[in-house]
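Residue numbers count from 1 along this sequence. Atoms within a ligand are numbered from 1 in the order they appear, just like the ligands themselves.
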Amino acid sequence: MSAGNIASSPLPVIAIDGPSASGKGTVAALVACELGFHYLDSGAIYRATAHAARQGGIALEDEAGLVELAHRIELRFDGVEVYLNGAAVGDVIRTEEAGRAASSIAARPALRAALLQRQRAFRQPPGLVSDGRDMGSVVFPDATLKVYLTASAEERAQRRYKQLIEKGFDANLTDLLQDLRDRDTRDAARAAAPLRQSADAALLDTTSLTIAQAVARVLRWYREGLDQAAT
Ligand code: C5P
């Protein structure tokens, strides 16, 4: 395993990037729990910012307005709940529509820059597991371990479908698959921090893995890296 940069990292970070609905959030949260590390769901920051823009009447194309908003909003995480200016928004920001809005504002380089420090502030002792699109490439380029976690589009659509139905939301598999493909294309094609596997990230294809297997793989890579750094 050559991913990451164990020896020189001041505080360990495991950066897990990948496309929508790949399961990276679930895996990242479980790895964090196992190691007793903090967890950052960076997608929730983009989703909550897009939600705040809607609430504040700021157009998703208004980059200067979004930047000003990004500096102004108060965001707090408590377990799976997300608080935007004190109000719980965990459910409203997880809809497909909120995902599309997040993906739209996430293409704005000035907004990404405005959210950088907010994300880096999560790097606290004893360590951090973060998931997103640019955790290893931009936000934590010196991450201890970088993982690119993916699965086939069909498998991801199935997983998202199950998740939505379990939560009592309406869902249509064909629409979900199209939506995922559109979002992948937009996230990969944008100029600012596009979604792609960086050269120093380890590929984890979870199409035929269980969550537990994916978590075990990440933990093994992390521990092997620590062992290597110690010898
Ligand atoms: O991961 P999640 O689906 O919650 O992210 C929502 C959207 O936010 C993504 O489609 C992507 O456009 C954007 N995002 C990003 N960079 C991140 C995390 C999310 O551009 N680090």
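Of the protein's non-hydrogen atoms, Ala106 CB, 3.7 Å is the one closest to atom 13 (C) of ligand 1. What sits closest to atom 11 (C) of ligand 1 on the protein, heavy atoms only, is Asp187 OD2, 3.4 Å. Of the protein's non-hydrogen atoms, the one nearest atom 18 (C) of ligand 1 is Ser42 OG, 3.4 Å. Summary of contacts: the protein heavy atom closest to atom 4 (O) of ligand 1 is Arg47 NE, 2.6 Å. Regarding atom 19 (C) of ligand 1, its nearest protein heavy-atom neighbour is Gly43 CA, 3.6 Å. When hydrogens are left out, the protein atom nearest atom 8 (O) of ligand 1 is Tyr46 CB, 3.7 Å; that is the closest non-hydrogen contact. Protein heavy atom nearest atom 16 (N) of ligand 1, with residue, atom name and distance: Arg112 NH2, 3.0 Å.
Close contacts of ligand 1 with Ala102, meaning ligand atoms under 4.0 Å from a residue heavy atom, involve 6 (C), 7 (C), 8 (O). For ligand 1 and Lys24, the ligand atoms under 4.0 Å from any heavy atom of the residue are 1 (O). Proximity to Arg183 (heavy-atom distance under 4.0 Å) selects the following atoms of ligand 1: 3 (O), 6 (C), 7 (C), 9 (C), 10 (O).
Using a 4.5 Å heavy-atom threshold, the side chains of Leu116 and Val138 count as touching. Side-chain contact between Gln163 and Arg94 is absent, with no heavy-atom pair separated by less than 4.5 Å. Val129 is not listed as a side-chain neighbour of Leu30, based on a closest heavy-atom distance of 4.5 Å or more. Arg133 is listed as a side-chain neighbour of Lys24, based on a closest heavy-atom distance under 4.5 Å.
Surrounding CD1 of Ile211 are at most 12 heavy atoms belonging to other residues, nucleotides or ligands under 6.0 Å away.
Counting heavy atoms closer than 4.0 Å to ligand 1, residue Arg133 contributes atoms from both its backbone and its side chain. Neither the backbone nor the side chain of Arg100 has any atom closer than 4.0 Å to an atom of ligand 1 (non-hydrogen atoms only). Residue contacts with ligand 1 for Arg186 are absent, since no atom lies close enough (heavy atoms, distance under 4.0 Å).
Between Arg190 and ligand 1, at least one N/O pair is under 3.5 Å apart.
Here the options are Arg186, Arg47, Arg183, the test is side chain to side chain donor-acceptor pair (under 3.5 Å), and the partner is Ser103; only Arg186 passes.
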Acceptor/donor pairs from residues 73-82 side chains to any protein atom, 3.5 angstrom cut, sequence neighbours excluded:
unit_1 : atom_1 : unit_2 : atom_2 : d
Glu81  : OE1    : Gly90  : N      : 2.7

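Salt bridge annotation for Asp134-Arg112: present, with a cationic side-chain nitrogen under 4.0 angstrom from a carboxylate oxygen.
Under a 4.0 Å heavy-atom criterion, Met135 is in contact with ligand 1.
Taking Ile, Leu, Val, Met, Phe, Trp and Tyr as members and joining any whose side-chain heavy atoms lie under 4.5 Å apart, directly or through other members, the hydrophobic cluster of Leu195 also contains Tyr148, Leu203.
Between the side chains of Arg118 and Thr49, no donor N or O sits under 3.5 Å from an acceptor N or O.
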